[in-house]
Amino acid sequence: LNKDIDAAVGLSNLSGRDFPQVSIGGLLNMVMGGCCFGRLSNPAEGYTITDDVSYVRGRNIFKFGGGITWERDNAANFNNPSGAFGFSGIFTTNLQGTSPGLGFADLLLGLASNVTVSPVGPTFGFRSQNANWFIQDDIKLAPKLTLNIGLRYELYMGDKEAFNRTSNFDPTAINPATTTPGSVVYAGLDGTPTRFSQPRNDFAPRLGVAYSPDSKTAIRAGVGVFYAETPLNFLEGMTSGFNPIPYFQQTTDQVTPAFVLSQGFAAAVPTVLPSLTGSILNGQNVTYVPTFIPSPTMFQWSLSVQRELPGNFSVEVAYVGSRGDHLWFPRDMNQVPPSLLGVGIAQSNRPFPQYQSITYEGSDGYSNYNGLQFKVTRRLAEGLKIQAKYTYSRNLNTTSYDYGSGSAPVQDIYNLRTEYGPAAANTPQLFNLTLVYEIPQFVPGAVGRYAARGWQVNNEFHANAGYPFNLGTSINQ
């Protein structure tokens with residue numbers, strides 16, 4: 001590290017200090033070298049301060065507390081300041097075309113088929129601050145009845161880049177090149193917000209009750225609301241306009257080498273940043289994240305009955321349900337409307353024809369889960385423990401076939417109800433059986449106490465219904 005390896009291997013006028021990346025095609029297919037070994041490109045860190053207090057008074061057990069969290073994601077793009085050179089073997093191919101060339105032979109001759117030199121990009125500082133507080137009370141209403149009631153508040157301050165170096169697609173901004181709606185905008189410029197905000201009213205109540213009608217029966221029920229924050233790393237893909245342009249990029253025309261190692265580079269070219277214009281990504285893919293993002297929300301509820309049986313057995317039956325709202329639901333919002341499919345040129349029929357796909361990082365997905373659970377347990381007795389579980393459930397949602405990239409096809413973005421169906425991980429039936437048997441001492445005497453005692457046999461059996469078979473189709477163009 002910190003040595004000018006480029007100059008040592010004869011590649012002067014480069015800003016990197018690492019061994020160049022070399023890609024060799026053909027029989028000896030390999031990649032070696034490259035920028036920045038031993039350096040973290042995405043060091044992330046978080047700091048949390050929390051405190052809580054418990055107070056017992058009479059039949060009440062009070063708990064209250066809170067916390068503050070700071071998250072930092074410092075994403076660096078080292079690129080290839082020392083150069084990336086490809087050797088395909090094209091320049092050592094037999095002229096009659098009867099035998100292919102070797103990439104390693106092209107390397108020995110110093111004839112590259114492609115080369116790219118990209119300067120080190122800036123280190124982006126993505127930041128997030130969150131706070132929360134809660135209060136809870138366990139109330140012993142009667143010897144056989146306990147009530148749990150609580151309230152939690154989540155404050156997500158939203159995500160931002162420390163120096164406002166983020167860009168975003170705005171469907172209402174006018175594109176300077178086409179004078180039509182749909183343009184790239186930049187944080188802090190022309191009224192564009194610098195922070196992606198979340199709601200300030202994320203109150204999450206919780207309620208639970210436990211009732212024991214007799215010494216062998218327990219009935220429990222609960223309901224609660226839970227919130228989640230937006231992941232900080234989604235900002236890493238929203239830095240167009242702030243990364244330097246490759247200052248040397250060349251590909252062979254199949255006759256002339258893209259670069260000859262022995263000739264080296266001319267005088268160094270300074271790092272060039274693209275202009276912050278609204279048309280910077282015209283003709284390319286873009287990402288659109290609304291500046292206000294509702295917090296992903298989960299509503300959960302459950303009811304269970306547990307009964308102790310003779311012979312150290314117990315049985316439990318439970319119903320568990322949940323509903324998710326405002327879930328992350330990325331998709332291409334630049335699909336051709338169904339009414340225009342097959343009419344004229346597909347690109348011109350897109351809502352924003354100046355772009356290819358537009359990944360809309362929507363938060364309007366939703367889910368539903370309902371499950372009936374059965375559990376039979378035999379407590380450890382006479383060396384044997386048994387537990388059997390069976391779940392019959394159904395898990396439906398709109399989002400599980402795409403966890404954030406926006407690349408999974410959506411049948412029709414103009415009718416998102418067609419995306420609602422069995423989740424990718426939906427398993428309607430699930431059975432688990434666990435057996436634990438403690439083997440009695442099988443060798444008498446002192447030797448047996450040390451070598452033939454304390455052995456245990458564990459057996460597990462697992463069976464479940466198959467996952468849904470998903471039929472995909474290409475995105476409407």
Side-chain angles (χ1 to χ4, degrees), residues 46-69 129-157 198-229 295-309 312-327 367-380 385 387-391 393 395 432 434:
Y47 303 91
T48 301
I49 299 175
T50 62
D51 193 18
D52 58 81
V53 177
S54 297
Y55 176 65
V56 180
R57 181 178 178 85
R59 59 183 183 177
N60 298 82
I61 302 177
F62 297 100
K63 297 180 182 179
F64 54 91
I68 302 175
T69 299
Q129 300 85 36
N130 308 316
N132 64 79
W133 58 258
F134 74 93
I135 183 170
Q136 176 181 310
D137 187 14
D138 295 328
I139 311 171
K140 195 75 171 178
L141 297 177
K144 297 182 178 182
L145 180 63
T146 300
L147 180 67
N148 174 275
I149 186 169
L151 179 66
R152 185 179 182 88
Y153 176 70
E154 301 280 1
L155 176 61
Y156 302 111
M157 297 299 295
Q198 291 188 240
R200 298 290 187 263
N201 58 347
D202 287 346
F203 290 93
R206 321 281 171 86
L207 178 66
V209 62
Y211 175 62
S212 181
D214 57 55
S215 61
K216 295 185 178 182
T217 306
I219 302 173
R220 301 178 181 89
V223 61
V225 181
F226 305 86
Y227 295 102
E229 65 175 308
S295 300
T297 309
M298 187 66 67
F299 303 89
Q300 297 181 347
W301 54 89
S302 65
L303 172 65
S304 68
V305 179
Q306 186 178 33
R307 176 72 179 179
E308 183 180 337
L309 302 176
N312 297 307
F313 279 90
S314 66
V315 62
E316 182 177 357
V317 180
Y319 163 68
V320 177
S322 68
R323 174 179 172 83
D325 283 331
H326 305 302
L327 304 182
S367 67
N368 274 295
Y369 174 86
N370 291 279
L372 189 61
Q373 302 174 351
F374 301 90
K375 182 171 71 172
V376 177
T377 303
R378 183 185 191 272
R379 296 194 305 272
L380 182 64
K385 178 182 178 181
Q387 186 175 82
K389 297 180 180 179
Y390 173 75
T391 301
S393 64
N395 187 2
N432 288 289
T434 302

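For the numbers below, each heavy atom of this structure counts, side chains included, while hydrogens, waters and symmetry mates do not.
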Criterion side chain to side chain contact (heavy atoms under 4.5 Å, CB included) on Q373 and K389, from CA distance to verdict: CA-CA 7 Å; Q373 302 174 351; K389 297 180 180 179; over 6 Å; no

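Residues satisfying the salt bridge (charged side-chain N to carboxylate O under 4.0 Å, His left out) criterion with R323, sequence neighbours excluded, are D325. Among residues two or more places apart in sequence or in another chain, the side chain to side chain donor-acceptor pair (under 3.5 Å) test is passed with D214 by T217, R307. Here F203 pairs with Y153 under the ring pair (Phe, Tyr, Trp, His ring centres under 6.0 Å) rule; sequence neighbours left out. Every residue two or more places apart in sequence or in another chain that forms a side chain to side chain donor-acceptor pair (under 3.5 Å) with T48 is listed here: T69. In this view, D52 satisfies the side chain to side chain donor-acceptor pair (under 3.5 Å) rule with no residue, not counting sequence neighbours. Applying the side-chain contact (heavy atoms from CB on, under 4.5 Å) rule to Q129 yields the partners W70, R127, M157, R195; only residues at least two apart in sequence or on another chain are considered. Taking R220 as the reference, Q306 meet the side chain to side chain donor-acceptor pair (under 3.5 Å) condition, with sequence neighbours excluded. With sequence neighbours excluded, the residues satisfying side-chain contact (heavy atoms from CB on, under 4.5 Å) with D202 are E154, Y156, P199, Y227, S295. Scored by the side-chain contact (heavy atoms from CB on, under 4.5 Å) test, S54 finds K63 as partners (sequence neighbours excluded).
With rounding to the nearest 0.5 Å, the separation of CG in N432 from OG1 in T391 is 8.0 Å. Considering CG of N312 and OG1 of T377, their distance stands at 11.5 Å, rounded to 0.5 Å. Expressed to the nearest 0.5 Å, how far CD1 of I135 lies from CH2 of W133 amounts to 7.5 Å. Rounding to the nearest 0.5 angstrom, the gap separating the CG atom in N368 from the OG atom in S322 is 7.5 Å.
Between A228 and Q198, the shortest heavy-atom distance links the atoms O-NE2, 3.8 Å. Taking all atoms of both residues into account, the shortest heavy-atom contact from N395 to Y369 is CB-CD1, 3.9 Å. Closest approach of R206 and G224 over heavy atoms only: CD-CA, 4.0 Å.
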Using residues 138-151 as the side-chain source, report each donor-acceptor pair under 3.5 Å to any protein atom, sequence neighbours left out, with the distance given to one decimal.
unit_1	atom_1	unit_2	atom_2	d
D138	OD1	N148	ND2	2.3
K144	NZ	P213	O	3.0

Which pairs of donor and acceptor atoms, one on a side chain in residues 313-321, lie under 3.5 Å apart (sequence neighbours left out)?
unit_1	atom_1	unit_2	atom_2	d
Y319	OH	W301	NE1	3.1
Y319	OH	N370	OD1	2.5

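Within the 3.5 Å criterion, the main-chain N or O of R57 finds no donor-acceptor partner in the side chain of R59.
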